[in-house]
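Accompanying notes for the structure given below.
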Amino acid sequence: MSHRSALLKIYHRLFECYGPQNWWPADSPFEVMVGAILTQNTSWSNAEKALNNLKKSDALNIHSILKLTEKELAKLIKPSGYFNIKSKRLKNYVTWFEKEGRFNCLNKLDDNILRERLLNVNGIGPETADDILLYAFERPVFVIDAYTRRLLKSMKMIDGAESYEKLRFFFESSLSADIGLFKEYHALIVRHAKEKCTHLKNCRHCIVETPM
DNA sequence: ACCCAGGGTCATA
DNA sequence: TATGACCATGGG
């Protein structure tokens with residue numbers, strides 16, 4: 001079976017199981033970017049608490065994040081963990097976003113150029129960059145995370161030690177560049193992981209009957 | 001009391 | 001390039 005067929009089969013099985021996830025949960029693209037940083041190595045429920053604190057303080061905007069001191073911001077995002085580092089990363093990212101002319105200018109850049117620019121911002125690694133590219137900038141980039149790697153490995157479709165870029169290329173070269181599909185696929189993989197289904201057989205959350 | 005969560009940076013070899 | 005230390009809260 002081709003990689004394309006296998007990946008589509010997995011997607012359809014996940015969708016059949018869980019339905020549309022409608023990611024990313026946010027009121028605006030800006031909130032997506034902030035949330036992507038806050039949820040780094042942190043449960044979404046904790047990141048959400050931090051986001052709610054920012055909203056309550058009317059601080060979920062460029063001006064407030066730049067105006068708040070590092071300590072004030074850290075206090076607001078405390079529930080997300082790593083609050084000192086994330087405070088720096090947030091201010092750092094928003095400073096860059098403002099300097100680059102926000103969405104108006106950044107939207108004009110090609111996908112790969114924009115990705116390189118994002119990766120050059122301290123605190124933005126490959127996964128956070130791709131979250132932002134896919135869910136805030138609506139670019140056809142496939143997000144890889146630990147769950148994605150685990151899933152493909154359990155399917156015996158990869159060895160497991162492949163680089164982030166290699167896995168991203170695996171998805172992007174096998175599937176057509178469909179933003180809606182990429183958004184839903186990554187969300188479904190995370191949803192599936194939350195069901196704590198680690199095996200493949202005899203389970204109602206089973207993705208396929210047999211490994212591919 | 002432990003383990004993990006929608007990662008990334010930096011120093012070291 | 002490839003490991004290891006570090007960052008820190010909240011829920012199970």
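Here is the naming used below: chain letters follow the sequence lines, and residue numbers restart at 1 for every chain. Note that the structure is a prediction, hence the values are computed from the model and not measured.
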**Centroid distance under 5.5 Å and plane angle under 30°, A:Tyr82 vs B:dG8** = no
**Request:** Send over the distance from A:Leu38 CG to C:dG10 P, rounded to a whole Å.
**Result:** 14 Å
**Message:** From CD1 of A:Ile189 over to C1' of B:dG6, roughly how many Å is that when rounded to an integer?
**Reply:** 12 Å
**Request:** Write down the distance separating the C1' atoms in B:dG6 and C:dA2, rounded off to the nearest Å.
**Result:** 25 Å
**Message:** Testing A:Trp23, A:Trp24, A:Phe142 one by one against A:His186 for a ring pair (Phe, Tyr, Trp, His ring centres under 6.0 Å), which residue passes?
**Reply:** A:Trp23
**Message:** Say we look at B:dG8 and C:dG10: how far apart would their P atoms be, to the nearest angstrom?
**Reply:** 22 Å
**Prompt:** Pick the nucleotide of DNA chain C nearest each of A:Ile85 and A:Ser45; which residue has the one closer to the 5' end?
**Reply:** A:Ile85
**Request:** Find the distance A:Gln40:CD to B:dT9:P and express it as a whole number of Å.
**Result:** 8 Å
**Prompt:** Using 30° and 60° as the class limits, which term best fits the ring planes of A:Phe137 and A:Phe97: parallel, tilted or perpendicular?
**Reply:** perpendicular
**Message:** Counting the atoms with a prime plus P, OP1 and OP2 as sugar-phosphate, which does A:Ser80 contact under 4.0 Å by heavy atoms, base, sugar-phosphate, or nothing?
**Reply:** nothing
**Interatomic distance, A:Arg150 CZ vs B:dA5 C1' [rounded to whole Å]** = 10 Å
**Message:** Expressed as a whole number of angstroms, how long is the span from A:Ile77:CD1 to C:dG10:P?
**Reply:** 13 Å
**Request:** Report yes if a side-chain nitrogen or oxygen of A:Asn84 is closer than 4.0 Å to either non-bridging phosphate oxygen (OP1 or OP2) of C:dA8; otherwise report no.
**Result:** yes
**Item:** Candidate nucleotides C:dA8, C:dG10, B:dG8, ranked by approach to the side chain of A:Phe83 - the nearest
**Value:** C:dA8
**Asked** Which is true for A:Lys86 with a 4.0 Å heavy-atom rule: it touches a base, it touches only sugar-phosphate, or it touches nothing?
**Response** nothing
**Prompt:** Is there a path of hydrophobic side-chain contacts, each under 4.5 Å between heavy atoms of I, L, V, M, F, W or Y residues, that connects A:Ile62 with A:Leu76?
**Reply:** yes
**Request:** Give a yes/no on whether any side-chain N or O of A:Ser43 is located under 4.0 angstrom from OP1 or OP2 of B:dG6.
**Result:** no
**Request:** Indicate, with a heavy-atom threshold strictly under 4.0 Å, whether A:Ile37 touches base, sugar-phosphate, or nothing.
**Result:** nothing
**Prompt:** Do the charged groups of A:Lys75 and A:Glu72 touch, with an N to O distance under 4.0 Å?
**Reply:** no
**Spacing of A:His192 atom NE2 relative to B:dG6 atom P, expressed in whole Å** = 14 Å
**Nucleotide nearest A:Asn41 when distance is taken to its side chain, options C:dG10, B:dG7, B:dG6** = B:dG7
**Request:** For A:Asp145 and B:dG7, give me the distance from atom CG to atom P, rounded to whole Å.
**Result:** 7 Å
**Asked** Which of the following nucleotides, B:dT9, C:dT9, B:dG6, is nearest to the side chain of A:Asn122?
**Response** B:dT9
**Request:** Name the residue closer to the 5' end of DNA chain B, choosing between A:Val121 and A:Tyr135 according to the nucleotide with the nearest heavy atom.
**Result:** A:Tyr135
**Message:** Looking at A:Leu68, is its backbone amide N or carbonyl O close enough to the side chain of A:Lys91 to form a donor-acceptor pair, meaning the two atoms are under 3.5 Å apart?
**Reply:** yes
**Message:** In whole Å, measure the gap between the C1' atoms of B:dA5 and C:dT3 for me.
**Reply:** 22 Å
**Message:** Measure OH/A:Tyr164 against P/C:dT1 and give the value in whole Å, please.
**Reply:** 19 Å
**Prompt:** Taking only N and O in the side chain of A:Lys49, is any of them less than 4.0 Å away from OP1 or OP2 of C:dG11?
**Reply:** yes
**Message:** Can you identify which nucleotide, out of B:dG6, B:dG8, B:dA5, has its nearest atom closest to the A:Trp24 side chain?
**Reply:** B:dG6
**Request:** State the pairing partner of B:dC3; accept Watson-Crick or G-U wobble contacts with both distances under 3.5 Å, and report none otherwise.
**Result:** C:dG11
**Prompt:** Can we call the ring centroids of A:Phe170 and A:His3 under 6.0 Å apart?
**Reply:** yes
